[in-house]
Amino acid sequence: MHVNKTKKMAIQGVLAALSTVLTVLGTVISVNTVFFTAAAAFLLGIVVVRFGMGYGTVFFAVCTALDFIFNPNKLHLFLYLGFAGYLLLSEGSYRLFRKKEGKKKEWLHRAVRLGVFLALYLPLLVFVPQLLVTEQTEKMAAFYPVMVLGGLVAWVIYDVAYQSFKRAFYQRFRQIV
């Protein structure tokens, strides 16, 4: 019994360290900030799927603290909070609707994911737009409509990429993790 708990903690420790390295790399290699931060958040999704919401929530808190401590650009913490928070709530809603059947479950889950995305993205867009664009772009007249539409497209890409990553990860590493 203790071996299983120890193995879970060790795997989560390694994944938390990898997540921290990815978020710091996103700061150091500024062109790939969004990519590395999204990859770090994908690791949270793996923990939630493999070990449950309780472990995932603790993993989220640990990675957030590590990102705050080690990442030189504290503003990127908000980006990680958005990506990882979205995945945590998305996986939680999936578990909540697991008992429902058919297409209704899938559409309900998509609606919740979209709502979670908008609840996380719109405040980021309003309060911390410098995370996403330069100051000159922010002053454009059509800034908010374009950014909301662009955000929705990015959300679809992020969601599909996460589902593909999750599927590929479990096909290769099911026995290890």
Side-chain angles (χ1 to χ4, degrees), residues 3-27 29 31-64 66-67 76-121 124 132 148-177:
V3 173
N4 288 337
K5 285 186 179 183
T6 305
K7 183 178 178 183
K8 284 180 186 179
M9 286 175 48
I11 289 171
Q12 289 177 51
V14 169
L15 290 176
L18 182 58
S19 176
T20 303
V21 167
L22 287 170
T23 55
V24 170
L25 270 176
T27 299
I29 307 171
V31 174
N32 291 323
T33 299
V34 173
F35 172 77
F36 283 125
T37 307
F42 285 2
L43 298 176
L44 169 75
I46 295 302
V47 170
V48 170
V49 170
R50 184 70 175 118
F51 302 119
M53 284 298 292
Y55 284 102
T57 305
V58 170
F59 184 83
F60 177 64
V62 167
C63 288
T64 301
L66 287 171
D67 192 24
H76 289 174
L77 177 66
F78 292 108
L79 194 58
Y80 178 76
L81 286 172
F83 280 137
Y86 168 76
L87 288 181
L88 186 65
L89 294 172
S90 174
E91 291 292 342
S93 73
Y94 180 78
R95 292 173 184 277
L96 185 67
F97 299 132
R98 191 182 319 181
K99 294 178 181 146
K100 296 192 183 294
E101 296 197 20
K103 296 225 180 229
K104 183 179 180 181
K105 173 179 95 170
E106 183 60 33
W107 283 105
L108 193 56
H109 183 54
R110 283 184 186 160
V112 167
R113 289 189 334 240
L114 177 61
V116 167
F117 165 75
L118 290 174
L120 293 170
Y121 178 66
L124 271 177
L132 306 169
V148 169
L149 287 174
L152 289 172
V153 170
W155 168 68
V156 169
I157 292 169
Y158 180 70
D159 210 44
V160 168
Y162 171 66
Q163 297 301 328
S164 300
F165 171 78
K166 191 167 62 168
R167 197 172 310 114
F169 183 86
Y170 277 105
Q171 286 176 350
R172 293 190 180 146
F173 299 109
R174 183 175 287 280
Q175 270 58 23
I176 296 171
V177 176

* Structure fact -> Here the pair of heavy atoms bringing Tyr55 nearest to Gln12 is CD2-NE2, 3.1 Å
* Out of curiosity, Thr20 OG1 to Leu15 CG, how far, rounded to the nearest 0.5 Å? -> 10.5 Å
* Structure fact -> So CZ of Arg98 and NE2 of His109: to nearest 0.5 Å the spacing works out to 11.0 Å
* **Centroid-centroid under 6.0 Å between Tyr158 and Phe165 rings** => no
* Asked: Between Thr23 and Ala40, which heavy-atom pair has the shortest distance, and what is it?
  -> CG2-CB, 3.7 Å
* Could you tell me which residues satisfy salt bridge (charged side-chain N to carboxylate O under 4.0 Å, His left out) with Arg95, sequence neighbours excluded, listed by chain and number? => none
* So how far is it from Phe59 CZ to Lys8 NZ, rounded to the nearest 0.5 Å? -> 15.0 Å
* Student check: side-chain heavy atoms of Val58 and Val62 closer than 4.5 Å -> yes
* Measuring from Thr33:OG1 to Leu79:CG, what's the distance to the nearest 0.5 Å? -> 7.5 Å
* To do: For the residue pair Val47 and Leu43, establish whether any side-chain heavy-atom pair is separated by less than 4.5 Å.
  => no
* To do: Return the minimal non-hydrogen interatomic distance between Phe78 and Leu124, and the atom names on each side.
  => CB-CD2, 3.9 Å
* Are Arg113 and Arg110 close enough that some pair of their side-chain heavy atoms sits under 4.5 Å apart? -> yes
* Asked: Between Tyr162 and Gly45, what is the shortest heavy-atom contact and its length?
  -> OH-CA, 3.1 Å
* Does any non-hydrogen side-chain atom of Leu44 lie less than 4.5 Å from one of Leu88? -> yes
* Asked: If every non-hydrogen atom of Phe60 is compared with every non-hydrogen atom of Ala84, which pair is closest and at what distance?
  -> CE1-CB, 3.5 Å
* Hey, is the main chain of Met53 close enough, under 3.5 Å, to the side chain of Thr57 for a donor-acceptor pair? -> yes
* Asked: If you round to the nearest 0.5 Å, how far is CG of Leu89 from CG of Leu96?
  -> 11.5 Å
* To do: Measure across Phe36 and Leu22 and return the closest heavy-atom pair with its distance rounded to 0.1 Å.
  => CB-O, 3.1 Å
* Heavy-atom side-chain contact between Phe117 and Asp159 under 4.5 Å -> no
* Asked: Between Val112 and Val116, is any pair of side-chain heavy atoms under 4.5 Å apart?
  -> yes
* Between CG of Leu108 and OG of Ser93, what distance do you get to the nearest 0.5 Å? -> 8.5 Å
* How about Tyr121 and Tyr86: are their ring centres within less than 6.0 Å of each other? -> no
* Would you call Leu120 and Leu81 a side-chain contact if the rule is heavy atoms closer than 4.5 Å? -> no
* Asked: So with a 6.0 Å cut-off around CZ of Phe97, is the heavy-atom count from everything else above 12?
  -> yes
* Listed partners of Tyr80 passing side-chain hydrogen bond (donor to acceptor under 3.5 Å, both in side chains), at least two apart -> none
* Under 4.5 Å between any side-chain heavy atoms of His76 and Thr37, yes or no? -> no
* To do: Could you give me the CA-CA distance, side-chain angles and deciding distance for Phe169 and Val49, then say whether side chain to side chain contact (heavy atoms under 4.5 Å, CB included) is met?
  => CA-CA 11 Å; Phe169 183 86; Val49 170; over 6 Å; no
